[in-house]
There are 2 protein chains.
Amino acid sequence: MKQKPTLKVIAKELDVSVSTVSKALKDSKEIGAKTKERVKAFAKLYNYRPNNIALSLKNRKTKTIGVIIPEIVHHFFTTVISGIEKYANEQGYNVIVGLSNESFDKEVINLDMLANGSIDGFIISVAKETLAKEDFHHITETIDQGVPIVMFDRVVDEILCDKVIVDDVATSKKAVQQLISNGCKKIGIISTKDYVSVGRLRTRGYLEALNHNHIPKNDDLILKIDDKLNSNDNLEQLEAQIATFFKQNKQLDGIFAVNELYAITAMKVARKNGIQIPEQLQVIGFTDGVLSKHAYPPLTTISQHGFEMGEDCARLLIERLEKQDEEDETYQTVVVKTDLVLRETTKSKS
Amino acid sequence: MKQKPTLKVIAKELDVSVSTVSKALKDSKEIGAKTKERVKAFAKLYNYRPNNIALSLKNRKTKTIGVIIPEIVHHFFTTVISGIEKYANEQGYNVIVGLSNESFDKEVINLDMLANGSIDGFIISVAKETLAKEDFHHITETIDQGVPIVMFDRVVDEILCDKVIVDDVATSKKAVQQLISNGCKKIGIISTKDYVSVGRLRTRGYLEALNHNHIPKNDDLILKIDDKLNSNDNLEQLEAQIATFFKQNKQLDGIFAVNELYAITAMKVARKNGIQIPEQLQVIGFTDGVLSKHAYPPLTTISQHGFEMGEDCARLLIERLEKQDEEDETYQTVVVKTDLVLRETTKSKS
DNA sequence: GTGAAAGCGCTAACAA
DNA sequence: TTGTTAGCGCTTTCAC
């Protein structure tokens, strides 16, 4: 193992000073042509690369951004990461990923580990446990220390920062409206507990759609899945809860699910009960991921455009980083548009 | 925005020296009890956190590891990352993710960006384009510079480093044997081009199984999907190639696919052709991901235990990092065990 | 045209 | 018990 060459090593080897080497490598006009040549040749030969850490210390910025998400085994989050990565890399930034695993403590630890100078700013989607506890001190403290944060998807209204979201209410309303227009009479929703912002908002959209069509609200038709159940471990419990829901609501002919896993599982349960999709039951999911595309039958879903969300997050963050001196205290909330991707789990009954 | 407190700031504020503060914060016995108290109280009050970058520069290690994978929107890779993350975090390491997007150039850039002191070591699964070009100079150079690398899944035999793989040949043989035992007579394989190591090896396992059962090889039954087709973009092309394959091989009654996307797509094509699964066609995939689990019917697959692979990668790398002085030039190749997860796309015809 | 010195934030050997 | 100093690798100002 050859040791990595540093300016100092090169300087000694060539019998010049460190600063000469530094300048030569930057093509400074202060340095004589042949010295430059010599230095550059030597540097190339030994594959010199400036030490990023030293630069970071000097410049007080690391050119890397930290992304903290609840789970990486989740198609939506990975598309967002792809988007972040793409934009960040284009701007010369690196991306460091931390997983909270939906746990408050791990979220705090991750933030702590990275906020100590390792990264210039965060992009985060808040863990369910954190939302449930409503304890956001780690986030506000980080912001107070001058480390900017961009929140996406699962955001916290009270915290002042840039945000990238989807118009959950309007989008859900649109989806449910589609079911109604298609002739569904008894539409159920499979959502999360209310502390998860997106679940709460999507439920609100569902209710607005019903209301708009003068359909009375029926609490039996609203299923709020217990916390953490969309982790891959307890699929059986998820299925059990949905099976019970089906049993309690016999004439269900439409389902709106707030994520694709819930939608897919509902379809599985329906199939076991001999219910035909879309003839007897129409289904729409949220988040257009691989699961939806490859489901049988292919699932009609709302596309959140995760990749674009990621790009927006990175853009917002990097823009703020690059003009950090200006102390801009006005925050943006970007609302990414959604699309209803019609596939085979819905169809007009007319 | 308060500026982040440094030792220097604290020292000045408390009118002691920087080293006193440093030692006090580390509970050094050299420092007097009340000085310690004072310093600690102050540090807590202003939420002091040591600057990681400075520590990295000092210690010549960053306690972060770089993971470079072809695609993050891929269940297998995300499970591996989860495993890496878990083990790394337990050991106090951070994980930084780079995506090569199956491109040689992006792989090189990623390696370059990070090899300059930002990370202590790499975990990498090689991009298809790199495998096709057979140009590995960026990898060998990195190793030569003293930055250890662990390869997983898509590895390069010629490169000396730690590796974590699955016994692709034996595992594939087992899967195909299962099909044969189940009574399949005409078994096809859907694989990748040969330069992708895993595709090549899995095809070899397929052939060995046939051979073992005295079934003659038939090249028509071997489909090698064109490069990059498992990226989500060109699903139609994938489907087209598989449809053609079906047309050319009428009595196909068994399919072994080298990843779950190929398997799922084959099932889709079969369904369109009115072929019953598993009655008329049995299917086994590789990589037990979400797609397989939620497919209809649920797909029999080989579980690669990605999470464990990730843990092994991290363990191998960190072990090497922590004893880097010893200059251990013996490399390990960990072969992770696989399991055949029997679901509903296979069944004995007896 | 080249080099010395200071400094980014921190630690540790050594002095006081 | 506390402080001074040097140094991690680099940039940059200011002398020479």
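Because the structure is a prediction, the values reported are computed rather than measured. By convention in this document, chain letters (A, B, ...) are assigned in the order of the sequence lines, proteins followed by strands, and residues within each chain are numbered from 1.
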query = In chain order, what residues pass the side-chain contact (heavy atoms from CB on, under 4.5 Å) check against B:Leu25, with sequence neighbours excluded?
reply = B:Leu7, B:Val21, B:Val39, B:Lys40, B:Ala43, B:Tyr48
ask   = Would you say A:Asn101's side chain and A:Glu71's backbone share a donor-acceptor pair under 3.5 angstrom?
value = no
Distance, rounded to the nearest Å, where A:Lys12 contributes NZ and C:dT2 contributes C1' = 19 Å
request  = Kindly write out the residues that satisfy side-chain contact (heavy atoms from CB on, under 4.5 Å) with B:Asn59, not counting sequence neighbours, or none if the list is empty.
outcome  = B:Leu55, B:Lys61
message = Any donor-acceptor pair under 3.5 Å linking the side-chain atoms of A:Glu141 with those of B:Asn47?
response = yes
note = To the nearest angstrom, the CG-P distance between A:Leu7 and C:dA4 comes to 15 Å
inquiry  = Looking at every heavy atom in both B:Ala88 and B:Ile65, which two are closest together, and how far apart are they?
reply    = CB-CD1, 4.1 Å
query = What's the shortest heavy-atom distance between B:Glu85 and A:Leu99, and which atoms?
reply = OE2-N, 3.5 Å
note = Across all chains, not counting sequence neighbours, the side-chain contact (heavy atoms from CB on, under 4.5 Å) partners of A:Ser56 are A:Thr62, B:Ile53
ask   = When you check the phosphate oxygens OP1 and OP2 of C:dC10, does a side-chain N or O of B:Tyr48 lie under 4.0 Å from one of them?
value = yes
task = Can you sort out the partners of B:Ser19 under side-chain hydrogen bond (donor to acceptor under 3.5 Å, both in side chains), two or more places apart, ordered by chain and number?
result = B:Ser17
query = Do A:Ser17 side-chain and C:dA4 base share a donor-acceptor contact under 3.5 Å?
reply = no
Please write out each protein N/O paired with an N/O of nucleotides 14-16 of chain C under 3.5 Å, distance rounded to 0.1 Å.
none

inquiry  = A:Val334: which residues meet the side-chain contact (heavy atoms from CB on, under 4.5 Å) condition with it, sequence neighbours left out?
reply    = A:Val164, A:Asp312, A:Arg315, A:Leu316, A:Gln332, A:Val336
remark   = Taking five pairs at each terminus, the helix from C:dG1-D:dC16 to C:dA16-D:dT1 shows an axis bend, to 10°, of 60°
key: Length of the CG-P vector between A:Leu14 and C:dG3, whole Å   = 10 Å
inquiry  = What is the separation between atom CG on A:Asn116 and atom P on C:dG9, rounded to the nearest whole Å?
reply    = 14 Å
inquiry  = Between A:Lys133 and A:Glu129, does any side-chain N to carboxylate O distance fall below 4.0 Å?
reply    = no
ask   = Which residues, if any, of residues 49-65 of chain B bring a heavy atom under 4.0 Å of DNA chain D?
value = B:Leu57, B:Lys58, B:Arg60
query = Salt bridge or not for A:Lys86 and A:Glu308, using N-O below 4.0 Å?
reply = no
query = Side-chain contact, heavy-atom cut-off 4.5 Å: B:Thr20 with B:Ile31?
reply = yes
ask   = How would you label the contact of B:Val18 with the nucleic acid (heavy atoms, under 4.0 Å): base, sugar-phosphate, or nothing?
value = base
task = Indicate yes or no: does A:Lys63 engage A:Asp120 in a salt bridge with an N to O separation below 4.0 Å.
result = no
request  = For A:Ser82 and A:Thr78, indicate whether the former's side chain and the latter's backbone hold a donor-acceptor pair under 3.5 Å.
outcome  = yes
inquiry  = Suppose we screen for side-chain hydrogen bond (donor to acceptor under 3.5 Å, both in side chains). Which residues come up paired with A:Asn89, at least two apart in sequence or across chains?
reply    = B:Lys106
For A:Phe42, ring-ring contact (aromatic ring centres under 6.0 Å, His included) partners two or more places apart = A:Tyr46
remark   = Footprint ends on DNA chain D, 5' to 3', for atoms under 4.0 angstrom from a heavy atom of chain B, come out as D:dT1 to D:dG9
message = Within residues 34-43 of chain B, which residues have any heavy atom lying less than 4.0 Å from an atom of DNA chain C?
response = none
inquiry  = Below the 4.0 Å mark, does C:dA4 have OP1 or OP2 next to a side-chain nitrogen or oxygen of A:Ser19?
reply    = no
